[in-house]
Amino acid sequence: MGADVEHLLRTEAPQVLGALVRRFGRFDVAEDAVQEALLAASRAWPADGVPENPRSWLIRIGYRRMVDLLRADQARRRREQEAGVAELAMREPARRAGPAPETDDSLALLLLCCHPALGTTAQVALTLRAVGGLTTAEIAHAYGTPENTMGARISRAKQRLARAGARFTPPTDADRDGRIAAVTQVLYLIFNEGYTASAGAHLARVDLTGEAIRLTRMLHRTLPDDHEVTGLLALMLLTEARRPARVGGHDELVPLDEQDRGKWHPALLREGTELIDSVWNRREVGPYRLQAAIAALHAAAMSPEQTDWPQIAMLYLWLERLSPTTPVRLSRVVAVAKAFGPERGLALLDDLNRRYRLDQDPLVEQRERAVRAHLLQMTGAAADAARLYREAARMTANQVERRYLLDRADHLT
């Protein structure tokens, strides 16, 4: 299947799913029907050509499969209510599969997949499957999970939505901000997992970063006046722009200060900078806009020496007050060390460990050791640095990152 066809299918998938859910009111069954429609298209279109109206084609196939699935469900459960749904869908002209709707269902689908009845892991998996159009096998591979385990996780998520009575409707004014925040968090997590994979032979998973950016673009088109959504998209673009320089010719990790900035993607840098500039002074600044502003300062530096580390350290302090998480605190340590010297960085790290136990937090315990090792190396404590580099290497399942940390240790001994 060509890249153009694959992109088209992933773009149309949420709209097709939205059409079926609005018609039948059964998200769990509709999602399966859409996946089968996408599979049929992936087989037919490369040979027969893309139809004139691909969305209508997919809705028609998905509609037929939906009816088949509901009939099978009725036969198994013998529920009159579900029989009535299927009969109405087949008999009433207004409910038959017709022209593709003009309604953009992207936001409603994202909100449904990120429903508060689901845990974060389930929200991520369901978003990638239902809105991203990834297969269960692709999602499982991205997260280093067996396909049957991921399939069961997605199935349980859909069942939980049904039990919670989740509806395919826009958010109310009362819960809108919280629901949008859940969506942005899920997209942020997908991007982060792709940018530095938690496990595997490659540093990054381009399929996940690309999908996170695509879905965030979709969200931004739906909510152009949401400044945090704009900030999140800017952050992703500015961060992704650096990816071509993060790995060297021998698949080795290249830290930021050593990257060839000529390899950074200029169009993404320009777009990301324009986005954050457009919302920086609007109302209260949120965490995604602050992170995008930090990324923009890195993008503006023509060389490592020109990086405005004091400004970055100040922004991280601001960010910590808004989002007091261990990853943010550890990032502030790095910025302070870059701006004011490794001794200041180590002192801050010791203080944060006493108060918040960064060195015991599963989110950052591995990176805490790598950061401390780097700062100790800068102060000349080579033996202690080498020991901590090796300790950090043992704590990561990413092979590229492990090799980098072991190489740093070897050069110190």
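In what follows, every heavy atom counts, from backbone to side chain, and hydrogens, waters and symmetry copies are set aside.
- No side-chain heavy atom of Met302 sits less than 4.5 Å from a side-chain heavy atom of Arg261.
- With respect to the salt-bridge test (charged N to carboxylate O, under 4.0 angstrom), the residues Asp359 and Arg372 do not qualify.
- The heavy-atom pair separating Cys113 from Val131 by the smallest distance is SG-CG2, 3.8 Å.
- With Tyr195 as the aromatic partner, Arg246 meets the cation-pi criteria of under 6.0 angstrom to the ring centre and within 45 degrees of the ring axis.
- No donor-acceptor pair under 3.5 Å is formed between the side chain of Thr396 and the backbone N or O of Ala392.
- Between the Thr230 side chain and the Asp226 main chain, a donor and an acceptor come within less than 3.5 Å of each other.
- Between Asp177 and Arg179, none of the side-chain N atoms (NZ, or NE/NH1/NH2) sits under 4.0 Å from a carboxylate O, so this pair counts as no salt bridge.
- Thr379 contributes a side-chain N or O that, together with a main-chain N or O of Leu376, makes up a donor-acceptor pair within less than 3.5 Å.
- Ring geometry, Phe24 versus Tyr63: the interplanar angle falls from 30° to 60°, so the pair is classed tilted.
- Inspection of the Asn353 and Glu368 side chains reveals an N or O donor paired with an N or O acceptor under 3.5 Å.
- Within the model, atoms CG of Leu8 and CZ of Arg10 stand 12.0 Å from one another, a figure rounded to the nearest 0.5 Å.
- For Gln185 and Tyr288, the side-chain atoms include no donor-acceptor pair closer than 3.5 Å.
- Salt bridge present: Asp32 and Lys158 bring a charged side-chain N and a carboxylate O closer than 4.0 Å.
- For the atom pair NE2 (His374) and CG (Leu388), the distance works out to 13.5 Å, reported to the nearest 0.5 Å.
- A cation-pi arrangement, defined by a distance under 6.0 Å to the six-membered ring centre and an angle within 45 degrees of its axis, is present between Arg344 and Phe340.
- Leu317 has its side chain out of reach of Arg329: every pair of non-hydrogen atoms, C-beta onward, lies at least 4.5 Å apart.
- Atom CG in Leu352 sits 10.5 Å away from atom OG1 in Thr326 (nearest 0.5 Å).
- Side-chain contact between Met236 and Leu232 is present, with at least one heavy-atom pair separated by less than 4.5 Å.
- Nearest heavy-atom pair, Ile213 versus Leu233, reported as atom, atom and distance to 0.1 Å: O-CD1, 4.3 Å.
- More than 12 heavy atoms of other shown residues, nucleotides or ligands fall within 6.0 angstrom of atom CG in Asp257.
- With rounding to the nearest 0.5 angstrom, the CZ atom of Arg205 is 13.0 Å from the CD1 atom of Ile190.
- With contacts defined as side-chain heavy-atom distances shorter than 4.5 Å, the pair Ser42/Val5 does not qualify.
- Within the 4.5 Å cutoff, no side-chain heavy atoms of Leu58 are placed close to those of Val34.
- The distance from atom CD1 of Ile180 to atom CG of Leu110, rounded to the nearest 0.5 Å, is 8.5 Å.
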Stepwise, does the side chain to side chain contact (heavy atoms under 4.5 Å, CB included) test hold for Arg60 with Trp57?
CA-CA 5 Å; Arg60 185 171 63 253; Trp57 190 100; 3.3 Å; yes
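- Closest non-hydrogen pair, Thr273 versus Leu269, comes out as OG1-O, 2.8 Å.
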I'd like to know whether Gln259 forms a side chain to side chain contact (heavy atoms under 4.5 Å, CB included) with Arg242, so could you lay out the CA-CA distance, the side-chain angles of the two residues, the decisive distance to 0.1 Å, and finally the verdict.
CA-CA 9 Å; Gln259 289 176 12; Arg242 302 198 300 262; 4.1 Å; yes
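- Formation of a donor-acceptor pair under 3.5 Å by the Thr307 side chain with backbone atoms of Pro304 is found in this model.
- In this structure, CZ in Arg332 is found 12.5 Å from CE in Met314, a value given to the nearest 0.5 Å.
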For Glu252 and Arg403, run salt bridge (charged side-chain N to carboxylate O under 4.0 Å, His left out): C-alpha distance rounded to whole Å, both residues' side-chain angles, the deciding distance at 0.1 Å, then the answer.
CA-CA 7 Å; Glu252 76 277 12; Arg403 286 198 303 272; over 6 Å; no
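- With a 6.0 Å radius and a threshold of 12 heavy atoms from other residues, nucleotides or ligands, His220 has its NE2 atom above the threshold.
- Taking a cutoff of 4.0 Å between a charged side-chain nitrogen and a carboxylate oxygen, Glu271 and Arg217 qualify as a salt bridge.
- Shown here for Ala30 and Leu20, the closest heavy-atom pair between the two residues is CB-CB, 3.9 Å.
- Between Gly194 and Thr209 the shortest heavy-atom distance is C-CG2, 3.3 Å.
- Leu358 has its side chain out of reach of Glu365: every pair of non-hydrogen atoms, C-beta onward, lies at least 4.5 Å apart.
- Between Leu238 and Leu268, the closest side-chain pair of non-hydrogen atoms is not below 4.5 Å.
- Salt bridge present: Arg289 and Glu228 bring a charged side-chain N and a carboxylate O closer than 4.0 Å.
- Aromatic rings of Trp264 and His298 (six-membered ring for Trp) have centroids beyond the 6.0 Å cut-off, not under it.
- With His115 contributing its side chain and Ala117 its backbone, the two residues share a donor-acceptor pair below 3.5 Å.
- Across all their heavy atoms, Ala157 and Ala122 have their closest contact at CB-CB, 4.0 Å.
- Summarising the local packing, CD of Gln306 is surrounded by more than 12 heavy atoms from other residues, nucleotides or ligands at distances under 6.0 Å.
- Here the side chain of Gln123 pairs no donor or acceptor atom with the backbone of Val183 at under 3.5 angstrom.
- For Thr145 (side chain) and His141 (main-chain N/O), no donor-acceptor pair under 3.5 Å exists by modelled atom type.
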Could you walk me through whether Tyr188 and Gln291 pass the side-chain hydrogen bond (donor to acceptor under 3.5 Å, both in side chains) check?
CA-CA 11 Å; Tyr188 180 73; Gln291 291 178 76; 2.7 Å; yes
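- Using a 4.5 Å cut-off on side-chain heavy atoms (C-beta onward), Leu405 and Gln366 make contact.
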Set out, in order, the CA-CA distance, both residues' side-chain angles and the distance that settles side chain to side chain contact (heavy atoms under 4.5 Å, CB included) for Phe27 and Leu17, then state yes or no.
CA-CA 8 Å; Phe27 174 83; Leu17 179 56; 3.8 Å; yes
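- By the 4.0 Å N-to-carboxylate-O rule, Asp410 lies too far from Arg408 to be salt-bridged with it.
- When only modelled atom types and interatomic distance are considered, Ser155 and Gln159 share a side-chain donor-acceptor pair under 3.5 Å.
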Just do the side chain to side chain contact (heavy atoms under 4.5 Å, CB included) check on Leu315 and Leu297 with the steps written out, would you?
CA-CA 10 Å; Leu315 288 173; Leu297 286 172; 3.6 Å; yes
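- No side-chain donor-acceptor contact under 3.5 Å links Glu147 and Thr136.
- A salt bridge links Asp351 with Arg355: at least one charged nitrogen is closer than 4.0 Å to a carboxylate oxygen.
- Put simply, the side chain of Asn398 never gets that close to the backbone of Ser198: no donor and acceptor are under 3.5 Å apart.
- Checking side-chain atoms of Glu138 against main-chain N and O of Thr135 turns up a donor-acceptor pair under 3.5 Å.
- Remark: side-chain polar atoms of Ser323 are not paired, donor with acceptor, to backbone N or O of Leu319 under 3.5 angstrom.
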